[in-house]
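Worksheet for the structure shown next.
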Amino acid sequence: MVKLERLRADHADALLAFEWENRGYFARSIPDRGDAYFTAAGFAERHRALLAEQHARVCHFHVVLDEEGNLVGRVNLIDVADGCAELGYRVGERAAGRGVATAAVAQVCRLAATDYGLTSLTAVTTLDNPASMTVLARSAFTRVQDTTVAGRPGVRCVRRLGRLDARKRGSCG
């Protein structure tokens, strides 16, 4: 079982440690955040900016905690506008392959519909990231468009939010 917590100022240290620990792992499938992101000052500035965006309700950021309360992932809704947002998520290497991403995405989809009043979510992933493609398919996202993600072939998927689609499975693959 995983738990989502809305991003707070006191998550900063654990979040930076999580990002450091998984930097190489993440860089294998998504673009690296760059050295400046990992400096204490750079990370603190970015964290404050994220909290300001969240306060303005432009984005909704969450940390994913395991049963022991350890930070094992992130799941975010960005660019909120007109009832829509873009979903982004990452799960650390130690928690990968255990259903953490699928569980976290399911929770954030419920929050998106109930707490944030959203009606649809989009997500993009690269074709060479089968784990992410699987999470999106299991989470009722439907492939709508081929795209390019950081110079690599990818797909854009959409999920309409609401009572009726809660049990549907999409096909993002």
Side-chain angles (χ1 to χ4, degrees), residues 1-81 84-118 121-126 128-136 138-139 141 149-150 152 154 157 159:
M1 187 63 164
V2 299
K3 178 182 175 185
L4 291 189
E5 287 186 359
R6 195 160 166 85
L7 186 66
R8 301 184 312 254
D10 65 329
H11 287 129
D13 291 342
L15 191 54
L16 179 56
F18 166 79
E19 292 289 349
W20 258 119
E21 178 183 336
N22 291 286
R23 185 178 185 182
Y25 173 68
F26 292 145
R28 286 184 241 151
S29 57
I30 56 177
D32 185 66
R33 294 183 184 268
D35 292 337
Y37 177 87
F38 294 94
T39 65
F43 187 84
E45 180 179 324
R46 177 73 179 135
H47 195 70
R48 281 190 298 276
L50 293 178
L51 292 172
E53 287 181 83
Q54 182 166 265
H55 181 73
R57 299 189 61 82
V58 175
C59 300
H60 302 285
F61 302 106
H62 307 84
V63 294
V64 180
L65 307 174
D66 66 11
E67 300 83 13
E68 290 82 38
N70 299 309
L71 198 153
V72 296
R74 307 174 73 158
V75 60
N76 305 315
L77 301 171
I78 62 168
D79 298 334
V80 175
C84 303
E86 184 171 328
L87 169 73
Y89 53 90
R90 54 176 54 199
V91 170
E93 187 169 22
R94 292 182 192 195
R98 298 182 188 169
V100 171
T102 300
V105 168
Q107 287 183 40
V108 87
C109 285
R110 281 191 296 278
L111 284 172
T114 58
D115 292 14
Y116 307 143
L118 301 178
L121 300 177
T122 62
V124 295
T125 190
T126 56
D128 61 353
N129 189 343
S132 188
M133 299 275 287
T134 299
V135 168
L136 293 173
R138 288 180 178 164
S139 301
F141 280 79
V149 180
R152 296 166 29 208
C157 301
R159 176 177 169 170

Heavy-atom count around Glu45 CD within 6.0 Å, excluding the residue itself: above 12?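 Counting neighbours around CD of Glu45, 12 or fewer heavy atoms of other residues, nucleotides or ligands fall under 6.0 Å, so no.
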
So does Asp13 have more than 12 non-hydrogen atoms from other groups sitting under 6.0 Å from CG? no

Can you list everything that forms a salt bridge (charged side-chain N to carboxylate O under 4.0 Å, His left out) with Arg28? Sequence neighbours excluded, please. Glu93

Glu86: what forms a salt bridge (charged side-chain N to carboxylate O under 4.0 Å, His left out) with it, not counting sequence neighbours? none

To the closest 0.5 Å, what do you measure between [atom1] ([X]) and [atom2] ([Y])?
| X | Y | atom1 | atom2 | value |
| --- | --- | --- | --- | --- |
| Leu136 | Tyr89 | CG | OH | 3.5 Å |
| Thr102 | Arg138 | OG1 | CZ | 5.5 Å |
| His11 | Leu50 | NE2 | CG | 13.0 Å |
| Asn76 | Arg90 | CG | CZ | 9.0 Å |
| Asp10 | Leu15 | CG | CG | 11.0 Å |
| Thr122 | Leu87 | OG1 | CG | 8.0 Å |

Kindly list each side-chain donor-acceptor pair under 3.5 angstrom involving residues 54-66, sequence neighbours excluded, with atom names and distances?
unit_1	atom_1	unit_2	atom_2	d
Gln54	OE1	Phe61	N	2.8
Gln54	NE2	Leu7	O	2.9
His60	ND1	Arg6	NH1	3.0
His60	ND1	Arg6	NH2	3.3
His62	ND1	Val75	O	3.1
His62	NE2	Tyr116	OH	2.7
Asp66	OD1	Glu68	N	3.0
Asp66	OD1	Gly69	N	3.0
Asp66	OD1	Asn70	N	2.8
Asp66	OD2	Asn70	ND2	3.4

What pairs with His47 under side-chain hydrogen bond (donor to acceptor under 3.5 Å, both in side chains), at least two apart in sequence or on another chain?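 Residues passing side-chain hydrogen bond (donor to acceptor under 3.5 Å, both in side chains) with His47: none at all.
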
With sequence neighbours excluded, tell me which residues meet side-chain hydrogen bond (donor to acceptor under 3.5 Å, both in side chains) with Tyr25. none

At their closest point, which heavy atom of [X] faces which heavy atom of [Y], and how far apart are they?
| X | Y | result |
| --- | --- | --- |
| Ala85 | Leu118 | CB-CD1, 3.8 Å |
| Phe141 | Leu121 | CE2-O, 3.7 Å |
| Ala95 | Val91 | CB-CG1, 3.6 Å |
| Phe43 | Ala12 | CE2-O, 3.3 Å |

Can you list, pair by pair, the side-chain donor-acceptor contacts under 3.5 Å of residues 104-114, counting residues two or more places apart and other chains?
unit_1	atom_1	unit_2	atom_2	d
Gln107	NE2	Val2	O	2.9
Thr114	OG1	Arg110	O	2.7

Are side-chain heavy atoms of Phe26 and Arg33 found at a separation under 4.5 Å? no

Is Arg74 positioned over the aromatic face of Phe18, cation under 6.0 angstrom from the ring centre and no more than 45 degrees off axis?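 Cation-pi check for Arg74 and Phe18: fails.
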
